[in-house]
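The structure under discussion appears below in the form of structure tokens.
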There are 2 protein chains.
Amino acid sequence: MLFRIDPSSVEPLFQQLVDQVRVAALRGDLPPGTRLPAARALAASLEINLHTVLHAYQVLRDEGVVELRRGRGAVVVDRGTADLAPVHDAVAGLVAAARALGLAPGATLGLVKDALATEEAR
Amino acid sequence: MLFRIDPSSVEPLFQQLVDQVRVAALRGDLPPGTRLPAARALAASLEINLHTVLHAYQVLRDEGVVELRRGRGAVVVDRGTADLAPVHDAVAGLVAAARALGLAPGATLGLVKDALATEEAR
DNA sequence: TAGTTGTTCTGTGCCAACTAGAACAAGCAG
DNA sequence: CTGCTTGTTCTAGTTGGCACAGAACAACTA
């Protein structure tokens, strides 16, 4: 349960949290049913504001990653029997290909973003 | 040479331009030597500010995508003989895998972002 | 009942993004 | 050389997102 926040990053703090929790959940590091730290506790340990953590939690709820209930906290949702192995393999392959050509991270992300957007528009 | 800008997008205007030009250049739609529209002309046609276009051009210059010179404009740089086919294939594979599992675009991007960051940190 | 935890509200400060206008310097074409 | 084009640099103002802060409230747990 160790999340790391970089206050000097250009990436918004809440976005960093969202990305880390989502990746951990998708990778299985946070199995369905896992209870995330209470917003106030996490805010204190990360030395950021309560509202920033809550914002991240609400984004994750909107994405269906976690479930929020008062008194119980944020719990990782059980998502079907979907096997994410193909996606993880594809990601690994892409990173390897980009690295082999010395492609900048920004450029690689741009290509994926574009492909996803084009896909979306159909 | 038709770039499209969505003023209502959460993505910054200059970033949209950067992504589109970069993708076009990487895909070969903008062959090395191609001259981009003058900043003032492009700003007028996209109905955005001159400085916003210039900012995008400068980011592209920093990434080595284009070359800027006064009086001549922005020209697409000739970058070696690198064949980007493997990367494009990898991107296509990833998008297909993500789509097959109904993975949200944000989640897919998050996985790639994380993988690139992890790669970067070594 | 008492404590925990998410929800909602108000307000403040900061900074990136965008816009606007202007002057300047390097290159191109006549 | 002259005039035009084009990127570079500067100042300045507006807007909106992000983060922070404090408080009260509602639902759930033990």
Side-chain angles (χ1 to χ4, degrees), chain A residues 1 3-21 25 30 33-77 106 110 113, chain B residues 1 3-21 25 30 33-77 106 110 113:
Chain A
M1 202 75 77
F3 300 122
R4 266 176 276 108
I5 296 297
D6 179 10
S8 68
S9 169
V10 290
E11 195 87 1
L13 304 186
F14 82 93
Q15 190 68 53
Q16 294 182 43
L17 230 191
V18 168
D19 286 344
Q20 289 187 33
V21 173
L30 292 177
T34 303
R35 184 172 165 177
L36 297 180
R40 286 176 178 81
L42 188 52
S45 89
L46 294 179
E47 298 183 329
I48 62 179
N49 193 274
L50 161 68
H51 298 86
T52 305
V53 174
L54 285 172
H55 185 197
Y57 277 11
Q58 282 157 14
V59 170
L60 288 167
R61 178 193 54 191
D62 292 346
E63 289 184 0
V65 177
V66 302
E67 204 175 54
L68 299 181
R69 289 210 201 146
R70 307 184 231 209
R72 195 166 35 145
V75 179
V76 177
V77 162
K113 205 188 307 171
Chain B
M1 202 71 78
F3 300 120
R4 266 176 273 107
I5 296 297
D6 176 10
S8 68
S9 169
V10 290
E11 196 87 2
L13 305 185
F14 82 92
Q15 189 69 54
Q16 294 181 44
L17 229 192
V18 167
D19 286 344
Q20 288 186 34
V21 173
L30 293 177
T34 303
R35 184 172 167 178
L36 296 180
R40 285 176 177 80
L42 189 52
S45 88
L46 293 179
E47 299 183 329
I48 61 180
N49 194 274
L50 160 67
H51 298 86
T52 304
V53 174
L54 284 172
H55 185 198
Y57 276 11
Q58 282 158 11
V59 170
L60 288 166
R61 179 193 55 191
D62 292 346
E63 289 184 359
V65 176
V66 302
E67 205 175 55
L68 299 181
R69 288 209 204 148
R70 306 183 232 211
R72 195 167 33 145
V75 180
V76 177
V77 162
K113 204 189 306 170

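Letters go in sequence order (proteins before strands), and every chain restarts at 1. Side-chain atoms are counted along with the backbone in the values below, which use heavy atoms only and exclude waters and symmetry mates.
Distance alone, capped at 3.5 Å, is enough to place a donor-acceptor pair between the B/Gln20 side chain and the B/Arg4 backbone. Formation of a donor-acceptor pair under 3.5 Å by the B/Ser9 side chain with backbone atoms of B/Asp6 is not found in this model. A/Arg40 places no side-chain N or O within 3.5 Å of a backbone atom of A/Leu50 that could act as its donor or acceptor partner. Checking side-chain atoms of B/Gln16 against main-chain N and O of B/Glu11 turns up a donor-acceptor pair under 3.5 Å.
Taking atom CG on B/Leu54 and atom C1' on C/dT19, their separation rounds to 13 Å, with Å as the unit. Taking atom CD on B/Glu11 and atom P on D/dG17, their separation rounds to 14 Å, with Å as the unit. One interatomic measurement links the two molecules: CZ of A/Phe14 to P of C/dG6, which rounds to 18 Å at whole-angstrom precision. Between B/His55 atom NE2 and D/dC10 atom P there is a gap of 15 Å when expressed in whole angstrom units. Put simply, CD on A/Gln16 is 8 Å from P on D/dA19, counting in whole angstrom units. Distance CG (B/Leu68) to P (C/dA26): 16 Å, rounded to an integer number of Å. Counting to the nearest Å, the C1' atom of D/dT6 and the OH atom of B/Tyr57 are 11 Å from each other. One can place CD of B/Glu67 at 17 Å from P of C/dA26, the figure rounded to the nearest angstrom.
For the pair A/Val65 and A/Val77, the minimum side-chain heavy-atom distance is 4.5 Å or more. Side-chain atoms of B/Leu54 and B/Phe14, non-hydrogen and from C-beta on, never get closer than 4.5 Å to each other.
At the phosphate of D/dG7, neither OP1 nor OP2 sits under 4.0 Å from any side-chain N or O atom of B/Gln58.
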Worksheet item: A/Val75 and A/Val66: side-chain contact (heavy atoms from CB on, under 4.5 Å), yes or no, with the steps?
Response: CA-CA 5 Å; A/Val75 179; A/Val66 302; over 6 Å; no
Worksheet item: Where do B/Asn49 and B/Thr52 land on the side-chain contact (heavy atoms from CB on, under 4.5 Å) test, with the steps shown first?
Response: CA-CA 5 Å; B/Asn49 194 274; B/Thr52 304; 3.7 Å; yes
Might you list the N or O atoms of the protein lying below 3.5 Å from N or O atoms in nucleotides 28-30 of chain D, with each pair's distance?
unit_1, atom_1, unit_2, atom_2, d
D/dC28, O4', A/Arg70, O, 3.0

N/O to N/O distances under 3.5 Å, protein versus nucleotides 20-24 of chain D:
unit_1, atom_1, unit_2, atom_2, d
D/dC20, OP2, A/Asn49, N, 2.7
D/dC20, OP2, A/Thr52, OG1, 3.0
D/dA21, N7, A/His51, ND1, 3.4
D/dG22, O6, A/His51, NE2, 2.4

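Summarising the local packing, CZ of A/Arg69 is surrounded by 12 or fewer heavy atoms from other residues, nucleotides or ligands at distances under 6.0 Å.
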